[in-house]
Structure formats: C-alpha cells, structure tokens
Engineer: 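The structure that follows is given in the form of structure tokens.
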Amino acid sequence: RQMYHYGNFSQNFLWGVSSSAYQIEGAWREDGKGLSIWDKFTHTPGKISEHDTGDVACNSYNKMEDDIAALKKVKVSHYRFSISWPRILPDGTTKYINQAGLNYYKKLLDSLIAANIEPQVTLYHWDLPQALQDVGGWENETIIERFKEYADVLFENLGPKVKLWITFNEPFVITVLGHVQGAHAPGLNDRPDTLPYIVGHNIIKSHAEAWHVYNDKYRASQGGLVSITVNSDWAEPRNPYKQEDYEAARNVFYLGWWAHPIFNGDYSPLVKKSVLDQSLAGGLTKSRLPEFTPEEIKRINGTYDYFGLNHYCSVLAFPVDFGTTQHFEADSDRTWLETGSVWLRMTPFGLRRLLKFIKDEYRNPPIIITENGVSENGPVDLNDVHRKYYYEKYINQVLKAYLLDDVNIIGYTAWSLLDNLEWGVGYTERFGLFYVNRTDPDLPRTPKASVSFYSSIISCNGFPDPQAMSFFKSNLVISPQRKQKKKQAHFYLPHLVWVTLRPKLSRS
Ligand code: GBH
C-alpha cells in the first residue's frame with residue numbers, strides 16, 4: 001500500500017487534463033447561447049456559496065489562446081472539455097442550430113489539433129438547456145430522443161475532428177445531487193424515493209441511443225471511440241474482517257447502477273435486490289427501481305468503447321439500519337467516516353483497488369481515468385505541495401494497477417486545468433493546476449508548482465527507476481549545452497529521458 005513502484009505506462013498512454021463548459025466558459029449570453037439549468041440555479045439566491053455564478057467563470061469562451069498555452073505548458077497529449085448543449089441548441093431541440101456555438105468548438109478543436117493535443121469531448125457535463133427542464137428534464141422520457149438528436153448534430157459537425165467522446169459525465173452526480181439532494185441544478189429533492197431511478201433510467205437509455213447513432217452512422221467514416229464516464233469512490237469496509245462491513249462496501253451504488261447495464265447487461269443483482277428489499281420493507285408491492293425490457297437490456301448492453309472513470313477518494317463503509325424509510329439513501333448503504341476536508345480525503349490505495357475491481361467486474365475493459373484531482377481553499381499559495389503529493393501517490397497507484405494487477409489502463413486525466421466554478425461551492429474550492437486571479441478582470445492563469453511536477457511525470461511516462469536511469473545516463477553522450485540545461489531544470493527526474501519515453505500520439 002505504501003510502497004513506491006518504479007516503471008512506465010504503455011507507449012501510447014494518454015496524458016491529459018480536464019475541464020467542463022459551465023465551469024470555465026462564461027459568456028453565458030453571448031453569440032446566441034440559450035440558458036441552461038445551471039444559469040438558472042446559480043441565479044437563484046441561496047444556492048451557491050458567495051452568490052457565485054458561471055456568467056464569466058474563467059472566460060474561456062474568449063480566452064482560448066490562454067487555455068491552449070496552459071495546456072502546452074503541461075505538455076499533455078489530450079484535453080478533455082465539454083460542450084454546452086444550449087450553446088449549440090439554444091432551446092435544446094434541433095429546431096434551431098446555433099452556428100456561432102458550433103464555430104466556437106470547431107475553432108477550439110482546430111487549435112488543439114494544431115498544438116498536437118488530442119481532444120476528448122464530453123456531450124453532457126450537467127448544463128441541460130433550461131427549455132428542456134421546463135418540460136420535465138431527465139424525468140421526461142422524450143429527453144432520450146432530444147439527447148440522441150443533439151449527439152447526432154455534434155457527431156456530424158465536429159466528429160471529423162474528434163476521436164474520443166464521452167456521452168455523460170457522472171450520471172450518479174446528475175441523479176443524486178440534482179434530483180435527490182437538490183444541491184445541484186435542477187435542485188429537486190421532493191421525491192427521493194422514486195425520482196433518482198426514473199432519471200437514471202432515462203440517462204442510461206439516452207447514453208445507449210447516442211452510442212448507437214455513432215456506431216450506425218459515424219464510426220465507419222470517423223473511427224472514434226464513444227463511452228460514458230462514471231464516478232466512483234472506493235468503498236473500503238470499515239473493518240475488513242467483518243462480513244457486514246464487507247457487504248456494506250459492496251452495496252454502495254456507484255457502479256452497479258450505471259456500469260452494469262452498459263458493460264454487463266441490466267442493473268446489477270445487488271442494486272435490484274437492495275431497492276426491492278427496501279421497497280417491500282416500506283409496504284410497497286414492487287420495487288421502486290424501473291425495469292428494462294429484454295430488448296432494452298440487449299440494446300444497452302455493450303454500448304461502450306472504453307471505461308471512463310472519475311475518482312477522487314475512498315470512503316469507509318459499514319451497515320446502517322434505515323428501518324422502513326423510502327429514500328435513495330436508505331437503498332444504498334452509503335455511510336462512512338469523514339475527516340479533514342468535507343468530502344475528499346487522500347486515499348491513494350483505493351484507486352488501485354477500484355481499478356482492479358473494474359477489471360474483474362466488467363471483464364477487463366480498456367480504462368481511461370477521466371478525472372482525478374484535489375482542491376484547496378483559503379489563501380492562495382502557488383506552491384501547492386499537497387497537489388504534488390496527491391498526483392504522485394495516486395498516479396503511482398495507477399502504475400501499480402497497470403504493472404502488477406494487469407489492469408488495461410490506457411489514459412489518465414487530471415482534474416482540472418484551471419481554478420474554476422466548483423458548482424455549489426462557487427470559486428471557494430480550487431482544483432486547478434493553474435491559479436486564476438479573479439480580482440484581475442483579465443482573469444490571468446498562473447501555473448502552480450504542480451504544473452511542472454505533473455508535466456515531468458508525463459514526460460517520463462510514469463516513474464522510471466532512478467537506478468536504471470543512472471545506467472542509461474552513463475551510456476549516453478550528453479552535449480555540454482544539454483548538461484547545462486539539465487542542471488537548471490527543476491524536475492524530480494532527469495528531463496532528458498523525455499526524448500525516448502514520451503508517447504507519441506499519432507493522428508490518422
Ligand atoms: C467531479 O465530480 C465533477 O465532474 C467536476 O465537475 C468537479 O469539479 C470535480 O468533481 C470536483 O468536485 O457533498 O458529500 O454529497 C466528482 C464527484 C461526487 C464529488 C459528489 C463530490 C459530493 C459529496 N463528486 N461529491 S457530498
């Protein structure tokens with residue numbers, strides 16, 4: 001658990017950073033963009049810390065060059081960003097396609113490709129057009145058709161420039177924070193017994209339809225990959241020698257709700273049993289979890305080209321007696337000890353365990369970690385030692401999963417490029433590799449210390465063994481200038497290995 005492991009990732013490993021539209025773009029009413037549920041939510045008094053909004057955010061809509069320069073500084077091979085649905089389809093439907101919105105993303109894609117950075121594009125990172133929410137949002141099953149049409153517009157117009165797609169970012173968060181707790185837009189919390197399952201059902205079907213559109217109409221000519229990103233903490237039994245704690249850990253609803261229908265077929269038996277048992281305990285005659293028909297199970301099963309995973313921390317699980325309560329929280333044994341910062345604790349060991357779990361549970365899919373990162377709040381300190389520590393330890397555990405557990409891990413993405421709007425807590429929690437000075441109207445981006453640190457891990461494609469490196473170095477002829485440069489460089493590993501180890505992404 002504590003040991004450091006030396007070695008490298010695969011030759012063409014993807015190294016990236018991630019962002020999302022509402023958190024960075026700003027320009028909330030520019031160039032014909034429609035309103036999203038997050039525009040409405042942040043403008044509702046009392047919803048967001050300090051009354052923050054995404055009206056301006058990091059102004060990435062108007063500061064594309066700065067973002068590209070930041071990406072180049074990190075030397076990533078790919079950049080994950082999301083598309084604002086109402087920027088493309090202001091009322092959510094294809095009745096009117098906003099060309100200015102498409103042009104913005106086309107320009108972003110061209111700039112990335114010119115910088116030799118592979119785009120990874122998320123279709124939905126939570127900013128639903130408000131017009132669709134007005135007719136029921138994810139609760140109304142006509143959303144499946146709307147999402148499919150939206151996906152079709154993106155594949156057709158942007159697909160020639162994109163090889164990696166993600167349909168949904170974190171269906172769990174959309175469902176639970178948006179429709180159980182009400183902490184996220186659209187802020188619903190009045191039906192925690194049934195609403196999450198209806199919403200979840202429609203999201204899974206929407207994902208599957210978008211995947212099929214790509215598969216049927218675009219895959220042959222565009223040759224990209226389409227998948228979904230699920231978030232999962234690692235649930236560790238509080239006492240690993242207690243059967244009840246072990247079972248409570250297995251019964252946390254992170255993956256079985258989403259990944260099981262898509263990777264294995266149908267909701268997992270554990271999810272079905274938990275919701276059924278709790279429904280019956282409450283005197284209902286059947287489960288509150290909707291059922292897929294056999295045709296639907298077939299249509300959804302296998303709609304993935306890789307496994308997208310967001311991971312931040314582990315939690316301790318133990319059983320809690322909820323009696324007969326009819327509430328999402330009572331269906332999933334999701335209670336754990338908390339320490340330090342509100343929800344995020346540094347638990348690198350859990351990532352390796354989670355990756356191995358995914359390998360075993362979902363038959364060894366290729367995995368891309370699409371988010372992983374850590375925040376700070378309070379006074380600004382550009383020497384973010386805690387973030388360097390986090391990335392070093394977590395990425396080293398990813399390496400162990402790859403080399404020791406044979407997990408098919410093909411990419412890693414840090415969250416996030418910039419300090420941005422951290423949803424309900426506004427700008428108070430900062431996850432960025434780059435600090436954004438919000439008191440300066442120009443919103444300048446300044447690298448934190450973790451930028452060169454992460455960049456050196458990328459350059460080395462992992463953690464080369466220093467012993468092997470000294471052998472390597474003594475057998476290399478180094479020019480005097482090169483030596484000079486090496487001395488100045490502030491990397492924890494010699495920068496010159498970069499030349500041989502840096503994976504090259506080929507675009508075909
Ligand atoms: C990601 O979600 C998001 O994709 C990204 O947009 C966001 O900025 C980033 O994380 C950092 O938060 O308050 O106890 O109910 C991460 C998954 C799940 C983490 C919900 C926070 C809240 C727990 N999130 N969780 S609680």
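In this text the structure is predicted, and so the values were computed from the model without any measurement. Atoms within each ligand, like the ligands themselves, are counted from 1 in listed order.
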Engineer: Are E429 and ligand 1 in contact, using a heavy-atom cut-off of under 4.0 Å?
Structural biologist: no
Engineer: Nearest non-hydrogen atom to atom 7 (C) of ligand 1 belongs to which of E422, H125, H311, Q181?
Structural biologist: E422
Engineer: Give the numbers and elements of all ligand 1 atoms closer than 4.0 Å to a heavy atom of N169.
Structural biologist: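 By the 4.0 Å cutoff, the relevant atoms are 4 (O).
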Engineer: Could you tell me whether F172 approaches ligand 1 through its side chain, its backbone, both or neither, with non-hydrogen atoms closer than 4.0 Å?
Structural biologist: neither
Engineer: Pairs in or reaching into residues 424-435: which pass side-chain hydrogen bond (donor to acceptor under 3.5 Å, both in side chains), with residues at least two apart or in two chains?
Structural biologist: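 For residues 424-435, and leaving out neighbouring residues, there are no side-chain hydrogen bond (donor to acceptor under 3.5 Å, both in side chains) pairs at all.
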Engineer: Measuring from atom 16 (C) of ligand 1, which candidate in E170, H184, Q23 has the nearest non-hydrogen atom?
Structural biologist: E170
Engineer: Honestly, is R352 close enough over Y402, meaning NZ or CZ under 6.0 Å from the six-membered ring centre and within 45° of the axis?
Structural biologist: no
Engineer: Among all residues two or more places apart in sequence or in another chain, which pass the side-chain contact (heavy atoms from CB on, under 4.5 Å) test with P186?
Structural biologist: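 Once residues adjacent in sequence are excluded, the partners of P186 under the side-chain contact (heavy atoms from CB on, under 4.5 Å) criterion are I37, Q133, H179, L188.
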Engineer: Evaluate N231 for polar contact with ligand 1, using N/O atom pairs at a separation under 3.5 Å.
Structural biologist: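 Min N/O separation from ligand 1 is not below 3.5 Å for N231.
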Engineer: Quick one: does K448's side chain have a donor or acceptor within less than 3.5 Å of a partner on G432's backbone?
Structural biologist: yes
Engineer: Would D67 and R445 count as a side chain to side chain contact (heavy atoms under 4.5 Å, CB included) here? Give the steps.
Structural biologist: CA-CA 8 Å; D67 289 355; R445 288 84 160 117; 2.9 Å; yes
Engineer: Counting only heavy atoms, which portion of N420 has something under 4.0 Å from ligand 1: side chain, backbone, both, or neither?
Structural biologist: neither
Engineer: For E236 and W234, which I'm curious about, is there any donor-acceptor pair between the side chains at under 3.5 Å?
Structural biologist: yes
Engineer: Can you figure out which of Y312, Y22, Y254, F431 has its heavy atom closest to atom 10 (O) of ligand 1?
Structural biologist: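 Among Y312, Y22, Y254, F431, the closest heavy atom to atom 10 (O) of ligand 1 comes from Y312.
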Engineer: Are any side-chain N or O atoms of T325 and backbone N or O atoms of G323, one a donor and one an acceptor, separated by less than 3.5 Å?
Structural biologist: no
Engineer: Using a strict 4.0 Å cut-off to heavy atoms of V173, name the atoms of ligand 1 that fall inside it.
Structural biologist: 18 (C)
